[in-house]
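Quick one: structure below, then a few questions.
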Amino acid sequence: MARRCGAMADDGDFQSVGEILDAMRDLGEKQDRVAVGDLFETFGQRSHGPALLVPALIEISPIGAIPGVPTALAIILILFAVQIMLDRDHLWLPGLIERRSVRGERVQGAADKLRGVGRFLDRWFHGRLTRFTDGIWMRVAAGCVIVLALTVPALELFPFASTAPMAAIAAFGLALLMHDGALMLFAYGVAAAALAGGAAIVVSG
């Protein structure tokens, strides 16, 4: 049975990547296995930024090297992005996906590996040109996320190739989290480069 993700907090509770990583690590420490639903409950009812950022960061982390994980994360991202395009206030996932889990120690390890990246992102990105992070711009970004996520299953066949679209998705998620319109515009450029690079890999492969 599907349920809403995030009955515990709202999107305003997380204002940095470091806070998100802290929350991930806490879950990994407290639970032997961390379910997808547990992870996203932590990020709130209206967690548009974290909902896009966290799956992308997980794919970039060592967890993303597990076969099938990039495609599973891409499906989650598509489900969230569709709901953002439809301007839903509360994000949800089907119960089958929510119950999928990984070992808590893997979640801890992923959070620790991403700590340096998180500090860099928090240092350099903050609220600029905020008009580019709301309304139609947010929905256009969600559309780009869907297109990028659709390329992941094919790119997963090539080592590390799915990292490029996930990096672009992470940029969109971070832009929404930080309300940083300059980063949002940069994310469109990264998305275009990732799509072009992915097409070249598939064609040459």
Side-chain angles (χ1 to χ4, degrees), residues 1-7 11 20 23-24 27-28 33-103 106-107 110-111 114 138-177 187 190-191 194-195 197-199 201-202 205:
M1 180 178 178
R3 63 174 180 169
R4 289 174 178 173
C5 283
D11 197 32
I20 290 174
M24 287 176 58
L27 278 176
R33 297 195 67 83
V34 177
V36 172
D38 295 334
L39 195 59
F40 287 103
E41 268 191 22
T42 304
F43 301 131
Q45 295 175 325
R46 294 174 290 279
S47 53
H48 294 170
L52 300 181
L53 177 62
V54 172
L57 288 179
I58 290 173
E59 197 280 339
I60 295 170
S61 80
I63 294 178
I66 302 172
V69 166
T71 295
L73 292 170
I75 292 170
I76 291 172
L77 284 163
I78 290 170
L79 290 172
F80 281 148
V82 167
Q83 293 172 76
I84 293 172
M85 288 189 71
L86 296 176
D87 202 24
R88 289 181 60 96
D89 288 334
H90 299 82
L91 303 181
W92 62 272
L93 285 172
L96 179 64
I97 293 177
E98 283 198 327
R99 291 189 293 271
R100 296 293 297 272
S101 66
V102 296
R103 294 199 306 273
R106 281 190 178 273
V107 176
L114 293 167
M138 181 171 64
R139 289 189 281 276
V140 171
C144 290
V145 168
I146 292 171
V147 174
L148 289 162
L150 286 172
T151 68
V152 169
L155 292 176
E156 190 179 353
L157 300 175
F158 303 90
F160 307 110
S162 61
T163 298
M166 286 297 190
I169 291 171
F172 283 119
L174 183 64
L176 293 177
L177 173 69
V190 177
L195 290 171
I201 290 172
V202 172

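Small disclaimer: the values here were computed from a predicted structure and weren't measured.
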### Test item: Leu52 and Leu177 side chains (from C-beta on) under 4.5 Å apart, heavy atoms
no

### Query
Among pairs that include at least one residue of residues 63-79, which meet side-chain hydrogen bond (donor to acceptor under 3.5 Å, both in side chains), considering only residues two or more places apart or in two chains?
Thr71-Glu156

### Query
Does Gln83 use its side chain to pair, donor to acceptor, with the backbone of Trp92 at less than 3.5 Å?
yes

### Task
Give the minimum heavy-atom separation between Pro94 and Leu79, together with the two atoms involved.
CD-CD1, 3.7 Å

Validation: residues 142-153 side-chain donor-acceptor distances under 3.5 Å, sequence neighbours left out:
{"unit_1": "Thr151", "atom_1": "OG1", "unit_2": "Leu148", "atom_2": "O", "d": "2.6"}

### Query
Sequence neighbours excluded, which residues qualify as side chain to side chain donor-acceptor pair (under 3.5 Å) partners of Arg103?
Glu105

### Task
Can you see which heavy atom on Leu176 is nearest to which on Gly49, and at what distance?
CB-CA, 3.8 Å

### Message
Listing request: all side-chain hydrogen bond (donor to acceptor under 3.5 Å, both in side chains) pairs with a residue in residues 164-173, at least two apart in sequence or in separate chains.
### Response
none

### Task
Let me see the working for Phe80 and Leu93 under side-chain contact (heavy atoms from CB on, under 4.5 Å), right down to the final yes or no.
CA-CA 8 Å; Phe80 281 148; Leu93 285 172; 3.8 Å; yes

### Query
Residues in side chain to side chain contact (heavy atoms under 4.5 Å, CB included) with Arg139, at least two apart?
Asp87, Ile136

### Task
Please identify each residue that fulfils side chain to side chain donor-acceptor pair (under 3.5 Å) with Arg33, with sequence neighbours left out.
Ser101

### Nearest heavy atoms of Leu39 and Val54, plus distance in Å
CD2-CG1, 4.0 Å

Cut-off 3.5 Å, no hydrogens considered: what does the side-chain donor-acceptor table look like for residues 57-69, sequence neighbours left out?
{"unit_1": "Glu59", "atom_1": "OE2", "unit_2": "Ser162", "atom_2": "OG", "d": "2.6"}
{"unit_1": "Ser61", "atom_1": "OG", "unit_2": "Ile58", "atom_2": "O", "d": "2.6"}
{"unit_1": "Ser61", "atom_1": "OG", "unit_2": "Ile63", "atom_2": "N", "d": "3.3"}

### Task
Nearest 0.5 Å please: distance from the CG atom of Leu155 over to the CD1 atom of Ile201.
6.0 Å

### Task
Could you list the residues that satisfy side chain to side chain contact (heavy atoms under 4.5 Å, CB included) with Val190, not counting sequence neighbours?
Ala168, Phe186

### Message
To the closest 0.5 Å, what do you measure between CG (Asp38) and CD (Glu98)?
### Response
8.5 Å

